[in-house]
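Step one of this worksheet: look at the structure below.
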Amino acid sequence: MTIDTTSYKIPVARSVADLRATVAEWRKAGLTIGLVPTMGALHEGHLSLVDLVKCKCDRAVVSIFVNPTQFAPHEDLDAYPRTEAADAAKLIGRGDLIFAPTPDEMYPQGFSTTVSVAGVSGPLEGEMRPTHFAGVATIVSKLILQTLPDIAVFGEKDWQQLQVIKRIVADLNIPVEILGGPILRESDGLAMSSRNVYLSESERKAAGSLNIIVRETAAKVAAGAIIPEATREGIDRIRALGFDHVDYLEVRDAGSLAFFPTGHATAPARILVAAKIGRTRLIDNMPV
Ligand code: PAF
C-alpha cells in the first residue's frame, strides 16, 4: 500500500487500489464510511459536508479531483482553482482520508463508458451545459463504486446535480445513501462557491444581491404569483444589478425538475438561478 502520509498531516490515496485498501481496513474494524466528492478549492461549504459525514459515520473520505469530463471545451477547466496543500490543511481534524487520483487513474487509456441520466438532467443546467451531467454522472458513479461508502454527501447548491445523483443510485440499485448538505452563505447571503474567487470587488457586491432577488421571487410565487410573470420580473432585476446574462431563473418541481404547466407550483417546488457576471457564472437555489 502506498498511502502518502508524509506530504500533509492527513493521509492521501492516489490510486483506487490504495483507497480500497484503507476502506477495507476500516470495514474490517467494523467502521462506517462516508464520502464527500469535491473538486478541491475547499471552502466552509465543503467542510460542512465533511462535518455532516462525521456526524453520521466513523470515517470520512474526501475526494479531490477536478473532473475534466464535466467541463465543456470553452469552460474553465484549466483556470479552475487547484489548491491541494491548502485543502489538505483544512481537512486536518475533520476528514480521515483524501482520495486525490490523477486523470489517468480515473480515465485510463481505453476508457469508453459514460453514465447518462434522462429526464432530470435535461432542463436548466442540462440545456446550458449539454455534456456536463454525463461527466458528473460518470465520475460520481466511479467515486461511489470505488469507495463503496455507507453514505455520500453533496451540497444542495448544485440542486439539480443532487437530483441526478439520487436518480443514478436509485436506478442502478447502488447501495449507498445520498444526502444533501444545506447551502452555506456569506454574510450577505451569497452562496459559497469555489468560483467566487473570480469575482472583482464590484462584481462581488452585485453577486451578494442575487440571493435576495431569488428569495423575493420565491416568496411571490409562494404567495400565488404566476410563475413566468414572477420570474420575468426577477430576471429584469438581476440584469439591473449588473449581471451580463441570466441563463435561467425558474421554479421547478423540486425532485424531477419538471416544469409547472399551470404557472403555479402544484408540488414541492424549488427556485433555481444561473447568471453570469464578468467571467463568473453563479448558481443558487432555494425552496419555494
Ligand atoms: O459538485 C462538484 O464539486 C462536482 O460536480 C463533483 C460532484 C465533485 C463531481 O466532480
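The pair Lys220-Glu229 does not meet the salt-bridge criterion, since no charged nitrogen lies less than 4.0 angstrom from a carboxylate oxygen. Of the charged side-chain nitrogens involved, none lies within less than 4.0 Å of a carboxylate oxygen, so that Arg279 and Asp244 do not count as a salt-bridged pair. Between Asp51 and Arg94 a salt bridge is recorded (basic side-chain N to carboxylate O distance below 4.0 Å). Electrostatic pairing of Lys205 and Glu186 does not count as a salt bridge here, judged by no charged N lying under 4.0 Å from a carboxylate O. Ion pairing between Glu75 and Arg281 fails under the 4.0 Å rule for side-chain N and carboxylate O. The pair Glu84-Arg14 meets the salt-bridge criterion, since a charged nitrogen lies less than 4.0 angstrom from a carboxylate oxygen.
For Phe99 and Phe65, the distance between ring centers is not under 6.0 angstrom.
Considering Glu156, Lys157, Arg167 as possible partners of Leu162, the one that fulfils the side-chain contact (heavy atoms from CB on, under 4.5 Å) test is Glu156. Across Ile283, Asn211, Thr231, Asp284, a single residue satisfies side-chain contact (heavy atoms from CB on, under 4.5 Å) together with Val273, and that is Asp284. Considering Leu282, Ile277, Leu241, Asn196 in turn, Ile277 is the only one that fulfils the side-chain contact (heavy atoms from CB on, under 4.5 Å) rule with Glu203.
Between the side chains of Tyr8 and Asp87, not a single donor N or O lies within less than 3.5 Å of an accepting N or O. With 3.5 Å as the limit, one finds a donor-acceptor pair spanning the side chains of Asp4 and Thr6. Glu125 and Tyr248 form a side-chain donor-acceptor contact under 3.5 Å, judged by distance and modelled atom types alone. For the residue pair Asp150 and Thr32, no side-chain donor N or O sits within less than 3.5 Å of a side-chain acceptor on the partner. In the model, Tyr80 has no side-chain atom that pairs as donor or acceptor with a side-chain atom of Asn67 under 3.5 Å. Side-chain contact, Asp104 with Thr102: no donor N or O sits under 3.5 Å from an acceptor N or O.
With a 4.5 Å cut-off on side-chain heavy atoms, Leu47 and Leu91 count as touching. Two residues are said to be in side-chain contact when any heavy atoms from C-beta on lie closer than 4.5 Å; Ile33 and Cys57 fail this criterion. Between Pro228 and Ile226 there is a side-chain heavy-atom pair separated by less than 4.5 Å. The closest side-chain heavy-atom distance from Thr138 to Thr113 is not below 4.5 Å. Here the side chains of Lys166 and Gln163 are in contact, with some heavy-atom distance below 4.5 Å.
A single hydrophobic cluster is not seen to contain both Ile183 and Phe154; linkage of ILVMFWY side chains at heavy-atom distances under 4.5 Å, directly or through other members, places them apart. Val164 and Trp159 fall within a single hydrophobic cluster, where Ile, Leu, Val, Met, Phe, Trp and Tyr side chains are chained together by heavy-atom contacts under 4.5 Å. Cluster annotation: Val16 is connected to Leu35 through the hydrophobic network of ILVMFWY side chains, with a link wherever side-chain heavy atoms come within less than 4.5 Å. Leu52 and Met192 fall into different hydrophobic clusters, where Ile, Leu, Val, Met, Phe, Trp and Tyr residues are linked whenever their side-chain heavy atoms come under 4.5 Å apart, directly or through other members. Both Val36 and Ile64 belong to a single network of hydrophobic side chains, linked directly or stepwise wherever heavy atoms of I, L, V, M, F, W or Y lie under 4.5 Å apart.
His245 places no side-chain N or O within 3.5 Å of a backbone atom of Lys276 that could act as its donor or acceptor partner. No donor-acceptor distance shorter than 3.5 angstrom exists from the side chain of Asp76 to the backbone of Ala79, with no hydrogens or angles considered.
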Exercise for review: Assess whether side-chain contact (heavy atoms from CB on, under 4.5 Å) is satisfied between Thr22 and Val61, documenting all intermediate values.
Suggested key: CA-CA 10 Å; Thr22 299; Val61 176; over 6 Å; no
Practice item. Might you work through the side-chain contact (heavy atoms from CB on, under 4.5 Å) test for Leu272 and Glu250, ending with a clear yes or no? Key: CA-CA 5 Å; Leu272 303 101; Glu250 293 204 24; 5.7 Å; no
Point to revise | Stepwise side-chain contact (heavy atoms from CB on, under 4.5 Å) test for Phe260 and Val251 | key: CA-CA 8 Å; Phe260 289 115; Val251 174; 4.2 Å; yes
Point to revise | Candidate pair Val23 and Leu148, rule side-chain contact (heavy atoms from CB on, under 4.5 Å), full reasoning | key: CA-CA 8 Å; Val23 167; Leu148 292 176; 5.8 Å; no
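Of the inter-residue distances, the one linking Arg27 atom CZ with Asp58 atom CG reads 9.5 Å to the nearest 0.5 angstrom. Taken to the nearest 0.5 Å, the CZ atom of Arg239 stands 6.0 Å off from the CG atom of Asp236. Here Ile212 contributes atom CD1 and Asp188 contributes atom CG; the two are 7.0 Å apart, rounded to the nearest 0.5 Å. For the atom pair Leu210 CG and Leu249 CG, the distance stands at 8.5 Å (nearest 0.5 Å). With values rounded to the nearest 0.5 angstrom, Leu124 atom CG is found 10.0 Å from Asp247 atom CG. Atoms CG and CG, on Leu49 and Leu184 in that order, are 8.5 Å from each other to the nearest 0.5 Å.
By the 30° and 60° cut-offs, the orientation of the rings of His46 relative to His43 is tilted.
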